[in-house]
Amino acid sequence: MPQHTRTTPAERRRALREQLASGRLLRMPGAINPLTARLIQDTGFDAVYLSGAVLAADLGLPDIGLTTSTEIAARAQQTTRVTDLPVLVDADTGFGEPMNAARTVQLLEDAGVAGLHLEDQVNPKRCGHLDGKTVTAREEMVRRIRAAVAARRDPDLLLMARTDARSIEGLDAAIDRAKAYVDAGADAIFPEALADAAEYEAFREAVDVPLLANMTEFGKSPLLDARTLESLGYNIALYPVTLLRIAMGAVEDGLRTLAAEGTQESLLPRMQTRSRLYELLGYQEYTAFDSAVFDFTLPPGT
């Protein structure tokens, strides 16, 4: 069926593992919805990310732990259905105790994701680039990771640990936590809110597993370019909220223009055309199953 991915979850998990082992930097934008995941694939990126902050915002909620494991699993399943790229998911704190984290791993595994990350904050959690965060005891996070590892059925499912300790306990403590999380079974590490390139370098020197660099806008970390991150030895450059911010900025501007001018005429050059949308959705591919689905001709210029 044209609306389904042509690869299996197992194939996408192996692909992510192979890409991480290649030494090449993977560029991973955050999808707003399944359609943007298709666009991420079409524009040549390496993988798709599902951000907890984006899901919360899409539901009109702040990123403080109000979403649930079943909500993120449902969005993950919708996304993995439409892209052949590996999908990495923000699983927050695992949505509860270690047993909840174990269930979350299996829900996301069933949803077809290639990997997920769990963080060491306590609930109610906060965006990683805001003040006022609290982290769990190291031993509690170790239990969370061990529960996730025990729950995993496909050994190729990537289990990443995120530590938010840098802005609370300092860089050395964050590195020590990362090492403990690797010892507990984490396959990769997401050091949140590092202050500068020197801190990224220090983390790389201390931790011998794949590392993710979070290039979120308006945060505590500098926006390092891909060449710099690759030279520092990082494996993933993450752009978690970039597309949401671009889209919402365009929506606000469009609404103001429509309200002021009473017509959308001046906005047409900034819109995705009908023909491009239909191309992205794969309308014509459906003719292989039912010629009645795509039996029209688009007007010129649409």
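Because the structure is predicted, anything quoted here is derived from the model rather than measured. Each residue takes its place number in the sequence, starting with 1.
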Side chain to side chain contact (heavy atoms under 4.5 Å, CB included) between Ile236 and Met160, worked out: CA-CA 12 Å; Ile236 296 173; Met160 180 182 290; 4.0 Å; yes
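- At a cut-off of 3.5 Å, with distance as the only test, no side-chain donor of Arg144 or Asn100 sits close to an acceptor on the other residue.
- The list of salt bridge (Lys or Arg N to Asp or Glu O under 4.0 Å) pairs with a residue in residues 48-57, not counting sequence neighbours, is empty.
- Formation of a donor-acceptor pair under 3.5 Å by the Asp90 side chain with backbone atoms of Gly52 is found in this model.
- Judged by distance alone, with hydrogens and angles left aside, the side-chain atoms of Thr104 form a donor-acceptor pair with the main-chain N or O of Gly94 at under 3.5 Å.
- Of the inter-residue distances, the one linking Thr8 atom OG1 with Glu11 atom CD reads 3.5 Å to the nearest 0.5 angstrom.
- Ion pairing between a basic and an acidic side chain is recognised when a charged N comes within 4.0 Å of a carboxylate O; Arg152 and Glu109 show no such pairing.
- Of the possible donor and acceptor atoms, one in the side chain of Thr43 sits under 3.5 Å from a partner among the backbone N and O of Ile40.
- Counting only distance, with no hydrogens or angles, the side chain of Thr228 and the backbone of Leu224 share no donor-acceptor pair below 3.5 Å.
- Residue pairs meeting the ring-ring contact (aromatic ring centres under 6.0 Å, His included) criterion with at least one partner in residues 12-71, sequence neighbours excluded, are Tyr49-His117.
- Under a 3.5 Å cut-off, the side chain of Thr5 and the backbone N or O of Thr83 do form a donor-acceptor pair.
- Under the 4.0 Å criterion applied to side-chain N and carboxylate O atoms, Arg162 and Asp120 are not assigned as salt-bridge partners.
- No side-chain donor from either of Gln121 and Thr136 sits under 3.5 Å from a side-chain acceptor of the other.
- Pairs of residues two or more places apart, or lying in two chains, that qualify as ring-ring contact (aromatic ring centres under 6.0 Å, His included) and include a residue from residues 219-249 are Tyr200-Tyr234.
- Using a 4.0 Å cut-off between a side-chain N of Lys or Arg and a carboxylate O of Asp or Glu, Glu279 and Arg276 qualify as a salt bridge.
- When only modelled atom types and interatomic distance are considered, Glu71 and Thr68 share a side-chain donor-acceptor pair under 3.5 Å.
- For Arg17 (side chain) and Leu157 (main-chain N/O), a donor-acceptor pair under 3.5 Å exists by modelled atom type.
- Without hydrogens or angle criteria, Asp187 side chain to Leu159 main chain gives a donor-acceptor distance under 3.5 Å.
- A donor atom on one side chain and an acceptor atom on the other are found under 3.5 Å apart for Asp84 and Thr7.
- Both Ile189 and Val142 sit in one connected hydrophobic cluster of ILVMFWY residues. Membership requires side-chain heavy atoms under 4.5 Å apart, directly or through other members.
- Between Arg75 and the choices Asp58, Asn33, Thr80, the side-chain hydrogen bond (donor to acceptor under 3.5 Å, both in side chains) rule is met once, by Asp58.
- Between the side chain of Arg27 and the main chain of Gly44, a donor-acceptor pair closer than 3.5 Å is present.
- The pair Arg12-Asp156 does not meet the salt-bridge criterion, since no charged nitrogen lies less than 4.0 angstrom from a carboxylate oxygen.
- Using a 4.0 Å cut-off between charged nitrogen and carboxylate oxygen, Asp154 and Arg14 do not count as a salt-bridge pair.
- Taking the charged nitrogens against the carboxylate oxygens, Asp164 and Arg177 have no contact shorter than 4.0 Å, which rules out a salt bridge.
- In this structure, Met99 places its CE atom where only 12 or fewer heavy-atom neighbours from other residues, nucleotides or ligands lie under 6.0 Å away.
- Taking CG from Leu50 and CG from Leu108, the interatomic distance works out to 9.0 Å, rounded to the nearest 0.5 Å.
- Remark: Arg166 does not engage Glu192 in a salt bridge, criterion side-chain N to carboxylate O under 4.0 Å.
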Residue pair Leu238, Met28: steps toward the side chain to side chain contact (heavy atoms under 4.5 Å, CB included) verdict: CA-CA 5 Å; Leu238 186 67; Met28 190 178 295; 4.1 Å; yes
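- Using a distance-only test at 3.5 Å, with no hydrogens or angles considered, no donor-acceptor pair links the side chain of Thr163 to the main chain of Ala174.
- Remark: side-chain polar atoms of Glu201 are not paired, donor with acceptor, to backbone N or O of Ala197 under 3.5 angstrom.
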